Amino acid sequence: MCSCGRGHRVVDCSARGLSLLPDSLQHNIHFLNLSHNRLEDLDGLLGHFGHLRTLDISHNHLMHLPDGLPRALWDIHASANDIRQLVKNDTAYHWNLQSLDLSNNQLERVVFINNTLPSLRALNLSQNKFWTVPTNMPHNLEIVDLSHNFLLQILPGSLDRLPRLSRFYLHANRFASVSEGVFNRLESLQLLTLGDNPWACEDEENMTHLLNWVHQTPAKVLGCPCYVRPTCGEAHLATSRTWHSASYTEPPLGTDTRDSGHQPPIQVVTSVYLSKSALLNLPYNRSNGNATGAGEQALTKGGGFLTSTPHTLSTQSSTIRTRSAKKAIPGKAHSTGIQMHTCSPHTVALNLLCTAIIINIF
């Protein structure tokens with residue numbers, strides 16, 4: 001009924017229409033695949049597989065994680081079941097567990113005990129029914145997926161004990177705002193997804209701190225709140241002067257940049273944050289005195305538009321900076337200077353002399 005490999009240490013019983021666990025399995029197996037069956041209850045049936053490292057029980061009809069799972073397990077795949085809660089005894093003794101996938105279930109709450117699951121690195125709780133980010137998550141986690149839930153809030157302090165968390169997926173939830181400083185303790189964060197959430201962009205008081213944080217964080221943020229740009233963050237990588245790797249450490253549009261080596265960036269965002277956007281750098285080449293092609297065309301990315309106004313400098317003209325350049329008007333691109341042609345006294349005298357000679361001839 002099941003297929004075996006590697007000296008009967010790897011057993012595949014998937015998609016066999018099983019409603020009961022086969023009773024002919026050897027006790028020394030390392031990998032057991034029971035996915036895509038009709039299993040409803042495995043309580044107390046798997047504990048004697050003392051060498052089991054990977055267990056796949058996804059796509060069954062389980063209402064909870066089986067009791068008495070082997071403590072030697074490294075990976076548990078239990079997605080696409082009917083699991084509704086994770087209680088403390090489900091994970092209390094799994095010191096070796098490194099990956100736990102409970103996605104696509106009916107979970108509304110999980111309970112973790114302090115100092116349990118010390119080896120857990122990846123936790124997938126996506127496509128469940130969470131309203132609040134779980135608290136007391138294992139402190140060595142590196143990847144947490146909470147996307148596609150109903151999350152409304154992150155309680156203060158919930159993420160303070162996750163110093164190794166590098167990838168955090170929060171897209172496709174119901175966040176309108178988050179508490180100030182909620183991500184500040186995630187020292188190892190490299191990727192955060194925030195897209196497909198109904199951010200309250202008109203609520204400047206509650207959103208400003210988050211928008212400031214996504215400007216300053218070294219992590220990559222996908223789905224920037226209230227922005228037309230799909231990506232922000234990566235402040236420490238802001239060294240290239242191109243539109244696709246914008247700097248998040250440049251002065252805001254409208255500050256005096258006469259002594260800088262590039263033109264001031266154009267700011268583009270949505271809603272009331274038109275003056276607080278992610279920055280778009282338009283490279284400028286001083287060797288020929290002309291703006292590069294990036295500054296002479298409209299760029300389209302991520303459903304939003306990034307526009308710029310070409311600046312032309314002439315060697316026979318001088319540019320007078322106007323006061324209007326000190327303050328950017330959201331949603332519009334402005335020329336920052338007025339060109340005025342200059343004439344030297346020698347040129348005026350020469351013109352008068354030529355005119356007099358012509359008059360004398362006639």
Side-chain angles (χ1 to χ4, degrees), residues 131-133 146-147 149-160 162 165 168-238 243 245-257 264-281 301-307 324-334:
W131 293 86
T132 302
V133 170
L146 281 163
S147 63
N149 276 282
F150 304 104
L151 295 175
L152 294 170
Q153 62 178 340
I154 304 175
L155 296 176
S158 299
L159 307 178
D160 289 355
L162 299 172
L165 187 63
F168 197 16
Y169 301 93
L170 293 175
H171 59 276
N173 278 286
R174 298 185 179 179
F175 288 113
S177 63
V178 293
S179 302
E180 184 173 359
V182 71
F183 300 123
N184 288 354
R185 300 288 294 275
L186 300 180
E187 300 173 355
S188 302
L189 190 63
Q190 298 177 14
L191 175 66
L192 175 66
T193 65
L194 296 175
D196 199 13
N197 279 288
W199 299 107
C201 298
E202 71 284 352
D203 187 1
E204 184 172 357
E205 181 178 355
N206 290 325
M207 288 298 295
T208 298
H209 62 85
L210 176 61
L211 299 180
N212 289 336
W213 181 85
V214 299
H215 276 291
Q216 299 167 5
T217 178
K220 175 183 285 187
V221 181
L222 299 181
C224 306
C226 308
Y227 289 79
V228 297
R229 288 175 55 91
T231 305
C232 52
E234 295 185 306
H236 68 305
L237 300 179
W243 68 269
S245 58
S247 168
Y248 296 89
T249 56
E250 294 295 326
L253 181 63
T255 57
D256 196 338
T257 57
I266 300 296
Q267 300 191 355
V268 182
V269 293
T270 59
S271 188
V272 297
Y273 292 97
L274 289 172
S275 60
K276 303 174 183 178
S277 82
L279 303 181
L280 170 67
N281 279 326
K301 185 173 179 64
F305 58 90
L306 309 179
T307 62
S324 61
K326 295 290 185 179
K327 183 176 181 181
I329 298 179
K332 296 182 180 180
H334 294 273

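Values in this document were obtained by computation on a predicted structure and should not be read as measured data. Worth knowing before you read on, the calculation uses all heavy atoms, side chains too, and leaves out hydrogens, waters and symmetry mates.
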_Can you give me the closest heavy-atom contact between W199 and C226, atom names plus distance?_
CB-SG, 4.2 Å
*asked:* According to side chain to side chain donor-acceptor pair (under 3.5 Å), who are the partners of S177, at least two apart in sequence or on a separate chain?
replied: none
_Can you list everything that forms a ring pair (Phe, Tyr, Trp, His ring centres under 6.0 Å) with F183? Sequence neighbours excluded, please._
W213
_Check: L159 and R185 side chains under 4.5 Å, non-hydrogen atoms_ = no
_N/O donor-acceptor pair under 3.5 Å between N173 side chain and H171 backbone_ = yes
_If you compare all heavy atoms of L189 against all heavy atoms of L191, which two are closest, and at what distance to 0.1 Å?_
CD1-O, 3.5 Å
_Check: L170 and I154 side chains under 4.5 Å, non-hydrogen atoms_ = yes
*Going from CG on N212 to OG1 on T217, what distance comes out if it is rounded to the nearest 0.5 angstrom?*
12.5 Å
*asked:* Please report the interatomic distance OG(S179) to CG(L155), rounded to the nearest 0.5 Å.
replied: 7.5 Å
*asked:* Rounded to the nearest 0.5 Å, what separates atom NE2 in H209 from atom CD in E204?
replied: 11.5 Å
*Could you tell me whether the side chain of N184 and the main chain of V182 form a donor-acceptor pair under 3.5 Å?*
no
*Which heavy-atom pair separates C232 from V214 by the least distance, and what is that distance?*
SG-CB, 3.9 Å
*Nearest 0.5 Å, what's the CG-SG distance between L194 and C224?*
8.0 Å
_Contact summary for F175 and Q153, nearest pair of heavy atoms_ = CE2-N, 3.6 Å
*Going by heavy atoms in the side chains, are N149 and W131 under 4.5 Å from each other?*
no
*asked:* Just verifying a value: how many Å separate T132 OG1 and L152 CG, rounded to the nearest 0.5 Å?
replied: 7.0 Å
*asked:* Once rounded to the nearest 0.5 Å, what's the spacing between atom CG of N206 and atom SG of C201?
replied: 12.0 Å
